[in-house]
Engineer: 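Encoded as structure tokens, here's the structure I'll be asking about.
Residue numbers count from 1 along this sequence. Note that the coordinates shown come from a computational prediction; the quantities given were computed from them, not determined experimentally.
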Amino acid sequence: MRGLTPERARTLAASAGGLLAVLAAWWLATLTVLADARIPTPPEVVRSVADSGWGFYSTHFSVTVEEAAVGFLYGNLAALVLASVVLLVPFAEPVIMQVAVISYCLPIVAVAPVLYLVIGVPDAGERSGTAVALAALSVFFTTVVGALLGFRSAERTSLDVISVYGGGRFQQLRRVQLVSALPAIISALQIAAPAAFLGAILGEYVGGIERGVGLALKIAQQNVDVAQAWGIGFGCAAVAGAAYAAFGLLARLVTPWSRGVPG
């Protein structure tokens, strides 16, 4: 593995400096211009997280992460299959793209109650089917578009070589277009991962669950526990950021050529 380059070190230092600046500005604002607002100081949020404890966060976040992961898998699998169908059966593209656009335009907040009525209340201790469905819906459009753009970025010359040797569209897809599309697909998955987590949280808001981030946020809101709500919010940001970073690392490992790095 390559060591920490000076450029990478400067980037990390700038990121750390920016984070410290935001924390300092937040703390200063809560003590001055926002002193009358219901905004906790950083120490109050840290104290709330410590008081709630690891058990509280692991109990609620583990369920939501599971729902987001299952929805992420289903939604992206459907998106990749349909994007492949567009290449194999071109006349199906208008229908598939209309479905993708409709899924993107649907207001998730309005869809959630409808899905809840259709899917029903989960069994005790089980994950919410509504949360899984909304997580899948949240990632579908992004991955369909990203996959199609990636598939179509394949070099025409390589596709022609497959045709010359008797290969059809499926062989072009398997041997050339999938490889060519990997950077675009992973980039789409990188964007979709935080979206799946958000979709799962929104799905939990409609109720019917015993554990989950959505439930924890609702309880904090009902109790007017502002510090805990902020703590949960930062936990959500950490999970979403970790998912985004994980796919960024995957892109560096799997598709180094996309960044000009020799494989």
Side-chain angles (χ1 to χ4, degrees), residues 64-119 127-156 159 168-206 214 236 239-240 243-244 246-248 250-251 254-255 258:
T64 307
V65 168
E66 180 184 354
E67 293 164 346
V70 174
F72 179 85
L73 176 63
Y74 288 159
N76 286 310
L77 182 60
L80 292 174
V81 168
L82 290 180
S84 301
V85 169
V86 167
L87 297 182
L88 299 175
V89 189
F91 64 80
E93 179 175 1
V95 176
I96 292 174
M97 290 308 300
Q98 284 178 7
V99 171
V101 171
I102 290 173
S103 72
Y104 180 75
C105 294
L106 285 173
I108 292 181
V109 176
V111 172
V114 177
L115 289 176
Y116 180 73
L117 293 175
V118 173
I119 297 173
R127 59 176 177 258
S128 168
T130 304
V132 171
L134 286 183
L137 186 64
S138 299
V139 306
F140 181 73
F141 177 80
T142 300
T143 304
V144 166
V145 173
L148 278 176
L149 291 176
F151 287 147
R152 287 172 173 165
S153 69
E155 293 183 0
R156 186 70 251 175
L159 297 176
R169 288 174 179 166
F170 180 75
Q171 292 297 327
Q172 290 177 334
L173 174 64
R174 185 171 68 89
R175 296 181 179 276
V176 176
Q177 291 171 308
L178 275 176
V179 176
S180 176
L182 269 180
I185 290 175
I186 295 178
S187 294
L189 296 179
Q190 187 176 18
I191 297 172
F197 188 66
L198 174 60
I201 294 174
L202 293 176
E204 292 174 342
Y205 259 91
V206 297
C236 293
V239 171
Y244 183 88
F247 279 98
L250 180 64
V254 177
T255 59
S258 67

Engineer: Strictly distance-based, threshold 3.5 Å: is any side-chain N or O of Glu67 a donor or acceptor partner for the main-chain N or O of Val132?
Structural biologist: no

Engineer: Taking all heavy atoms of Ala240 and all of Pro194, pick out the closest pair and write down the distance.
Structural biologist: O-CG, 3.7 Å

Engineer: What distance separates Leu82 CG from Leu77 CG, expressed to the nearest 0.5 Å?
Structural biologist: 9.5 Å

Engineer: Sort and list the pairs that fulfil salt bridge (Lys or Arg N to Asp or Glu O under 4.0 Å) and have at least one residue in residues 106-116, not counting sequence neighbours.
Structural biologist: none

Engineer: For Ala135 and Ala200, work out which heavy atoms get closest and say how close.
Structural biologist: CB-N, 4.1 Å

Engineer: Any salt bridge (Lys or Arg N to Asp or Glu O under 4.0 Å) pairs touching residues 182-203, not counting sequence neighbours?
Structural biologist: none

Engineer: What heavy-atom pair brings Leu80 and Ala147 nearest, and what distance separates the two atoms?
Structural biologist: CD2-CB, 3.8 Å

Engineer: Please name the pair of heavy atoms, one in Gly203 and one in Thr130, separated by the smallest distance, quoted to 0.1 Å.
Structural biologist: O-CG2, 4.0 Å

Engineer: What heavy-atom pair brings Ala83 and Leu148 nearest, and what distance separates the two atoms?
Structural biologist: O-CD2, 3.6 Å

Engineer: Ignoring hydrogens and angles, tell me if any N or O in the side chain of Ser153 forms a donor-acceptor pair with the backbone of Gly150 under 3.5 Å.
Structural biologist: yes

Engineer: Which pairs would a plain distance check flag for residues 102-119, meaning a side-chain donor or acceptor within less than 3.5 Å of a matching protein atom at least two apart in sequence or in another chain?
Structural biologist:
| unit_1 | atom_1 | unit_2 | atom_2 | d |
| --- | --- | --- | --- | --- |
| Ser103 | OG | Ala100 | O | 2.6 |

Engineer: Which residues pass the side chain to side chain contact (heavy atoms under 4.5 Å, CB included) test with Val176, sequence neighbours left out?
Structural biologist: Ala154, Ser158, Leu159, Ile162

Engineer: Determine which pairs satisfy salt bridge (Lys or Arg N to Asp or Glu O under 4.0 Å) with at least one residue from residues 186-197, sequence neighbours left out, and list them in order.
Structural biologist: none

Engineer: My understanding is that only residues two or more places apart in sequence, or in another chain, count here; which of them pass side chain to side chain donor-acceptor pair (under 3.5 Å) with Arg169?
Structural biologist: none

Engineer: Output a table of donor-acceptor pairs, distance under 3.5 Å, between side-chain atoms of residues 88-99 and any protein atom two or more places apart or on a different chain; print 'none' if there are none.
Structural biologist:
| unit_1 | atom_1 | unit_2 | atom_2 | d |
| --- | --- | --- | --- | --- |
| Glu93 | OE1 | Arg152 | NH2 | 2.9 |
| Glu93 | OE2 | Arg152 | NH1 | 3.3 |
| Glu93 | OE2 | Arg152 | NH2 | 3.0 |

Engineer: So, taking the atom named CG in Leu149 and the one named OG in Ser180, what distance separates them when rounded to the nearest 0.5 Å?
Structural biologist: 11.0 Å

Engineer: Any salt bridge (Lys or Arg N to Asp or Glu O under 4.0 Å) pairs touching residues 181-190, not counting sequence neighbours?
Structural biologist: none

Engineer: Which residues pass the side chain to side chain donor-acceptor pair (under 3.5 Å) test with Gln171, sequence neighbours left out?
Structural biologist: Arg174, Arg175

Engineer: Would you be so kind as to tabulate the donor-acceptor pairs closer than 3.5 Å made by side chains of residues 136-146, with sequence neighbours excluded?
Structural biologist:
| unit_1 | atom_1 | unit_2 | atom_2 | d |
| --- | --- | --- | --- | --- |
| Ser138 | OG | Leu134 | O | 2.7 |
| Thr143 | OG1 | Asn76 | OD1 | 2.4 |
| Thr143 | OG1 | Val139 | O | 3.2 |

Engineer: State which residues pass ring-ring contact (aromatic ring centres under 6.0 Å, His included) with Phe72; sequence neighbours excluded, sorted by chain then number.
Structural biologist: Phe247

Engineer: Listed by chain and number, what are the side chain to side chain donor-acceptor pair (under 3.5 Å) partners of Glu204, not counting sequence neighbours?
Structural biologist: Thr64

Engineer: Can you tell me how far the CD1 atom of Ile201 sits from the OG atom of Ser128, to the nearest 0.5 Å?
Structural biologist: 12.5 Å

